[in-house]
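Note that this is a predicted model, so its numbers are computed, not measured. Quick note on labels: first sequence line is chain A, next is B, and so on, each numbered from 1.
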Amino acid sequence: MVHHTMRFSEFGLTTLKEVPADAEIVSHKLMLRAGLIRRLASGLFTWMPLGLRVLRKVEAVVREEMDRAGALELLMPAVQPAELWQESGRWDKYGPLLLRMTDRHDRDYCFGPTHEEVITDVARRELRSYKQLPVNFYQIQTKFRDEIRPRFGVMRSREFIMKDAYSFDLDQSGLEASYARMHTAYTAIFERLGLKFRVVDADSGEIGGSRSQEFHVLADSGEDAIAYSDEDNYASNIETAATSPDGIETAPPTADMEKIPTPGVKTIEALSQFLNVTAEQTLKTLIVEGTDGPVALVLRGDHELNAVKAQKIAGVASPLTMASPESVVKATGCGPGFVGPVGLEIPVFYDHATIGMSDSVCGGNEKDMHYTGVNFGRDIETPETVDLRNVMAGDRTPGGRGTLSIARGIEVGHIFQLGTKYSEAMDATVQNPDGRNQVMSMGCYGIGITRIVGAAIEQNHDDAGIIWPAPLAPFDVVLVPINMHRSDDVKAAAEALYTELKEKGYEVLLDDRNARPGVMFADAELIGIPHRLVISDRGLAAGELEYRHRSDAESRNLKREEALKLL
RNA sequence: CGGGGCGUAGCGCAGCCUGGUAGCGCACCACAAUGGGGUUGUGGGGGUCGGAAGUUCGAAUCUUCUCGCCCCGACCA
């Protein structure tokens, strides 16, 4: 990296005391206040000089570790022809997230939200023989996804920078090796960046494929919930964290089933209040679209439906769609709020946990009516159960050896074993040792470069501002000369130190503004430079510099040499 | 896409109800004082009040349409 001026007065940096009202989370506010980014339009940001320096740091670490893992950097076009997407079948399936456009010849294109199609096209043209495998191509590039609701600054923007890598192997076992190499590289990357993170099992979603894991930076503001257990090393995105039917037993009935009036009681909360029972004693029945008319999903009242699990069940429509109030009435004879499984004529799917319930309360399939004392084996035939709910803190792990905790995370990396989904659709083959054409096995591996910057701030800040982990800091050290514009001694000392540190290879920001000390201190803390050196007449007289690390509570007066040793 | 809200100077906001010279704070420019935690004073520059149409002698203000943005939800990697 070539470093030009590092004088505050020439750096074009404006910090803000007030933030635009739409900034919701800490990282967004601080990035705006510290002048890292400026908003252009919804989900579009300009990276200002200070922010760009941080971005480049992230890229550098990612690039180094990818290279070390043997991946090859290339750069694909951001704009992609529709034909490739039609070939893979995603032109129609990807939906409104795909930004489409037309050129002057009326040909269709999209701005790439990801590059499976393009890389598969590259691979089928370039790769002929199994001897060329394995290969892993990567790029660091701008993507665009037309998010329904961009928010949280760079955490969920529409345009963003991503490192995406794609591996090609002859077969599944090769793919597994490539995947393992990326797992190792990713772990190294996030460790080097100084972030607290966790690797979790994940749903492979739209991209398709089998095995997939996500790398999450832990932060309370994270959009994802992750379930983990330290006892048995289990960790999964809550979307895929499985619940088990094991060990659930049904207590015998102690009450008769009774239909009672419950006027206006439509929610589980209202129901438990009205009847003075806990939510655990109620059955929640949701009507969703099925592949052949509406179906019912039944959960314990305090449990949450997991959409990802539900839409994978045969008979349930994917994506999961709640039935309209009209079709609920048609299917059950009553409106939402009073639906229950007793005597329902449509297919019903029960969550595992429901089987452990007895003397339950559920909707009466009649307006303003509920059943109490409902029991399996007597009022409802004991059903086969399925996994429909989100796990909760305190649940057993699937292995049964641990207890789950729930944390929030920001997804910054995702690795997939795609298998042959794209290579088969696009006929990407090589000759195998037998001289036959064989479809290659692919993996894909993404890292949200821009998102990492936001995630790092979510995890590292205080009331005064950002606290950069050293590898991400835009500068190593900030020089704060007191009264530099009145004291020739301070000015000379500051300039000398600036030059000396630069020559030693430090990235040093000299605050040469004619500003009051308080302003300089506040800005230095806001932008989060790890090391601060204060130069003053007072200190000079004693041959001292004042040193403070951004995360220290107090500053220290040290001999010049001592202070420089701390950098 | 459904529900709610907001568009007035670069940013944060008041003014609108009850029509009559467009305001405040921050930021910016100048001068002065101050000089180790966002200091103070004085002076200044900057706004077709999102846009269009209408009502009116007169519209930031009332009416209609329209565009943009934000929040909640649905959706989505």
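The residue from A/Met162, A/Lys143, A/Arg145 that alone fulfils the side chain to side chain contact (heavy atoms under 4.5 Å, CB included) condition with A/Pro113 is A/Arg145.
The CG atom of A/Asn514 sits 11 Å away from the P atom of B/rA30 (whole-angstrom rounding). As a whole-Å value, the separation of A/Leu32 CG from B/rC26 C1' is 15 Å. In this entry the distance linking CG of A/Leu40 with P of B/rG68 reads 16 Å, nearest Å. Between the CZ atom of A/Arg33 and the P atom of B/rC26 there is a distance of 16 Å, given to the nearest Å. A/Arg39 has its CZ atom 7 Å from the P atom of B/rC69, to the nearest Å. Going from atom CD of A/Glu304 over to atom P of B/rA74 covers 11 Å, rounded to whole Å. Rounded to whole Å, atom C1' of B/rC70 lies 12 Å from atom CZ of A/Phe152. Protein atom CD of A/Glu289 is 16 Å distant from nucleotide atom P of B/rA74, rounded to whole Å.
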Between the protein and nucleotides 9-14 of chain B, are there any N/O to N/O pairs under 3.5 Å, and if so, what are the atom names and distances?
unit_1	atom_1	unit_2	atom_2	d
B/rG12	OP1	A/Ala21	N	3.0

Distances for protein N or O near nucleotides 42-45 of chain B N or O, under 3.5 Å:
none

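Under the rule for a salt bridge (Lys or Arg N to Asp or Glu O under 4.0 Å), the partners of A/Asp121 that lie at least two apart in sequence or sit in another chain are A/Arg124, A/Arg125. The ring pair (Phe, Tyr, Trp, His ring centres under 6.0 Å) check on A/His183 picks up A/Phe215, with sequence neighbours excluded.
Distances shorter than 4.0 Å separate some side-chain N or O of A/Ser42 from OP1 or OP2 on B/rC70.
Remark: B/rU56 base-pairs with no nucleotide; criterion is Watson-Crick or G-U wobble with both hydrogen-bond distances under 3.5 Å. Partner assigned to B/rA74 is none, using Watson-Crick or G-U wobble distances below 3.5 angstrom. Nucleotide B/rC6 forms a Watson-Crick or G-U wobble pair with B/rG68, both donor-acceptor distances falling under 3.5 Å.
If you check residues 479-494 of chain A against RNA chain B, the residues with a heavy atom closer than 4.0 Å are A/Ile482, A/Asn483, A/Arg486, listed by number.
For A/Leu97, whose side chain is taken as the heavy atoms from C-beta onward, the closest listed nucleotide among B/rA27, B/rG36, B/rC76 is B/rC76. Ranking B/rC26, B/rC76, B/rG36 by closeness to the A/Arg156 side chain, first place goes to B/rC76. Closest contact between the side chain of A/Arg516 and the listed nucleotides B/rG37, B/rU34, B/rC72 involves B/rU34. Checked against B/rG36, B/rC72, B/rG38, the side chain of A/Asp523 finds its nearest nucleotide in B/rG38. Listed nucleotides: B/rG38, B/rC76, B/rG37. Nearest to the side chain of A/Glu147: B/rC76.
The closest donor-acceptor contact from the side chain of A/Asn460 to the backbone of A/Trp468 lies at 3.5 Å or more, if one exists at all.
A salt bridge links A/Arg548 with A/Glu525: at least one charged nitrogen is closer than 4.0 Å to a carboxylate oxygen.
Counting only residues at least two apart or on different chains, the salt bridge (charged side-chain N to carboxylate O under 4.0 Å, His left out) pairs with a member in residues 148-161 of chain A are A/Asp146-A/Arg158, A/Glu147-A/Arg156, A/Arg156-A/Glu223.
Donor-acceptor pairing under 3.5 Å, judged by distance alone, is present between the side chain of A/Arg532 and the base of B/rG37.
Taking atom C1' on both B/rU8 and B/rG68, the two are 15 Å apart, rounded to the nearest angstrom.
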